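Below you'll find the structure, written out as structure tokens, and then a few comments.
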Number of protein chains: 2
Amino acid sequence: MNSNKYRMIYQELSGKIISGEYQQHDQLPSENLLVKQYQVSRETVRKALSLLQTNGFIQKLKGKGSVVIYNESMNFPVSQLISFEEIKESLNMDYVTHVESFDKVHASDYPAVMTALKISGNTELFKVVRTRRKGETVNIIDTDYFLVELMPTLTKEIAEQSIYSYIENQLGLVISFSNKAITFEPMTTAELELFNGASPPYAATVRSIVHLSNAVAFQYNISKHRASEFKFVDFSRRPTIKK
Amino acid sequence: MNSNKYRMIYQELSGKIISGEYQQHDQLPSENLLVKQYQVSRETVRKALSLLQTNGFIQKLKGKGSVVIYNESMNFPVSQLISFEEIKESLNMDYVTHVESFDKVHASDYPAVMTALKISGNTELFKVVRTRRKGETVNIIDTDYFLVELMPTLTKEIAEQSIYSYIENQLGLVISFSNKAITFEPMTTAELELFNGASPPYAATVRSIVHLSNAVAFQYNISKHRASEFKFVDFSRRPTIKK
DNA sequence: GAGTGGTCTAGACCACTAA
DNA sequence: TAGTGGTCTAGACCACTCG
């Protein structure tokens, strides 16, 4: 699957960084060394290193080498396009997902979704509301809208597991990128009820528009988090190109 | 300054997208066409297009071409390493910065900063507290800690303008990447006072560790936002490499 | 089949860092 | 000066899309 040379190199090096074989502030082997080790061209090594750099694993220093900057403690629900089930898995979290409702609706009743996904009013959508509980307390309410046309066989049972796994593994679609907005908003009475009370009565709210690799927006997600439990972590680089 | 070929191409294409000459869903010229237009090699064109893709301007579709996905409305204090003055400028915001305090302190009194910047207790720091006001209301309180060693000539006057501009243009240092964490926290009484009241008494809190291009952490920033005014926007891609 | 983007190569020249 | 990463080239072969 990942049989590209640069992906293999990326995987091996990132794996060694995550496992701790390379620690923060360590030097990676030089590009020339990696060329010899992997028996590939320099541009291929550089492609792998560039990926490591944009993903926050290393910093390349001209004239010096590549140094590891990844630090486990600064990790977490990272600014990445990852499904809740995937986060849960990678963090060994003891969350339980419960499907509160699963309906087929018309976009015309949800103007915000219409504009976000740029669809017409008669487009059919699956509306899925799910809660994420830790023990007895609900910490997250996820409301999702999916294009029925792209996944006509979606069911409540699938929604109880991982919809992303279904989309990628069963349907063979490729999820690619998203736009997110994070705000802090008062809870509606319905939300307060689902949360079974929350102090403060405010929710950290993440709205996302998710796109496939063919650039089609297929999902609109509203994720309401109990504010006291919310943390969003991000790695970002300063734009290298200025006017 | 940006005399690289791929940067020039990036600038020109991103400029045309931002200005609206290329609209969302438009096709960019094919790689081969760009090769001819710019009289460069294909890898150089591809470098520019890759940058446009990772920065959320385009999506490349195998067998088809590059399509514009950038959409102005989904813009804003984006997940990027940008200083407040730069945001202000790019959005024509009518904010006023006021320096509340400017001190030289010892790291030992700020254990959170010590661990964040990985420095020893006797390291000298500038502690700068600034408020950002729109009219009469304070919307943001920024608390910054900078390594004195790297910028001994920092002054309160500079802090009233743009510290980032001073660091890059006066000192010639290159600001490179940062780790951020966003949380929602109750305000302290001191903060409530600076905000001159805020309902709810919660602050959207962004903590960042900012690094230079040589991977040295030089700044720790705590940015408290009036929750009702806070919005954080992010573009992210799904990791292409899986285990 | 023609055109598109994706991967990879071998080699060149440059700018920067460090001893 | 030797070693490092940054840019650029010309060409190859592949996989995908679409008419």
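Because the structure is a prediction, the values reported are computed rather than measured. In the text below, chain A, chain B and the rest are named by the order of the sequence lines, each starting its count at 1.
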[X] [atom1] to [N] [atom2]: how many Å, rounded?
{"X": "A:Gln53", "N": "D:dG5", "atom1": "CD", "atom2": "P", "answer": "12 Å"}
{"X": "B:Arg46", "N": "D:dT7", "atom1": "CZ", "atom2": "P", "answer": "16 Å"}
{"X": "A:Ile9", "N": "C:dC8", "atom1": "CD1", "atom2": "C1'", "answer": "11 Å"}
{"X": "A:Lys47", "N": "D:dG6", "atom1": "NZ", "atom2": "P", "answer": "16 Å"}
{"X": "B:Glu31", "N": "C:dG6", "atom1": "CD", "atom2": "P", "answer": "6 Å"}
{"X": "A:Leu51", "N": "D:dG5", "atom1": "CG", "atom2": "C1'", "answer": "17 Å"}
{"X": "A:Gln59", "N": "D:dG6", "atom1": "CD", "atom2": "C1'", "answer": "14 Å"}
{"X": "B:Leu34", "N": "C:dT4", "atom1": "CG", "atom2": "P", "answer": "10 Å"}

Between [X] and [N], does any side-chain N or O lie under 4.0 Å from OP1 or OP2?
{"X": "A:Asn32", "N": "D:dT4", "value": "yes"}
{"X": "B:Lys60", "N": "C:dT4", "value": "no"}
{"X": "A:Tyr6", "N": "C:dT7", "value": "yes"}
{"X": "B:Ser30", "N": "C:dT4", "value": "yes"}

### Task
Produce a footprint string for nucleotides 9-19 of chain C: one letter per nucleotide, 5' end first; B if the base is under 4.0 Å from any protein heavy atom, S if only the sugar-phosphate is, - if neither.
BB-B---BSS-

### Query
Does any residue of residues 21-29 of chain B have a heavy atom under 4.0 Å from DNA chain C, and if so, which ones, in number order?
none

### Message
So, using ring-ring contact (aromatic ring centres under 6.0 Å, His included) as the criterion, who are the partners of B:Phe57 when residues are at least two apart?
### Response
B:Tyr70

### Message
List the residues meeting side-chain contact (heavy atoms from CB on, under 4.5 Å) with B:Pro29, not counting sequence neighbours, and say none if there are none.
### Response
B:Tyr22, B:Leu33, B:Leu34, B:Gln37

#### Entry: Student check: side-chain heavy atoms of B:Tyr38 and B:Thr44 closer than 4.5 Å
no

According to side-chain hydrogen bond (donor to acceptor under 3.5 Å, both in side chains), who are the partners of [X], at least two apart in sequence or on a separate chain?
{"X": "B:Thr115", "answer": "none"}
{"X": "A:Thr153", "answer": "A:Tyr166"}
{"X": "B:Arg132", "answer": "B:Thr97, B:Asp142"}
{"X": "B:Asn169", "answer": "B:Ser165"}

### Message
Students often get this wrong, so: under 4.0 angstrom with heavy atoms, is B:Leu61 touching a base, only sugar-phosphate, or nothing?
### Response
sugar-phosphate

### Query
Taking the six-membered ring of B:Tyr6, is the NZ or CZ of B:Lys47 close enough (under 6.0 Å from the centre) and on axis enough (within 45°)?
yes

#### Entry: Sequence-distant partners of B:Lys60, salt bridge (charged side-chain N to carboxylate O under 4.0 Å, His left out), two or more places apart
B:Glu31

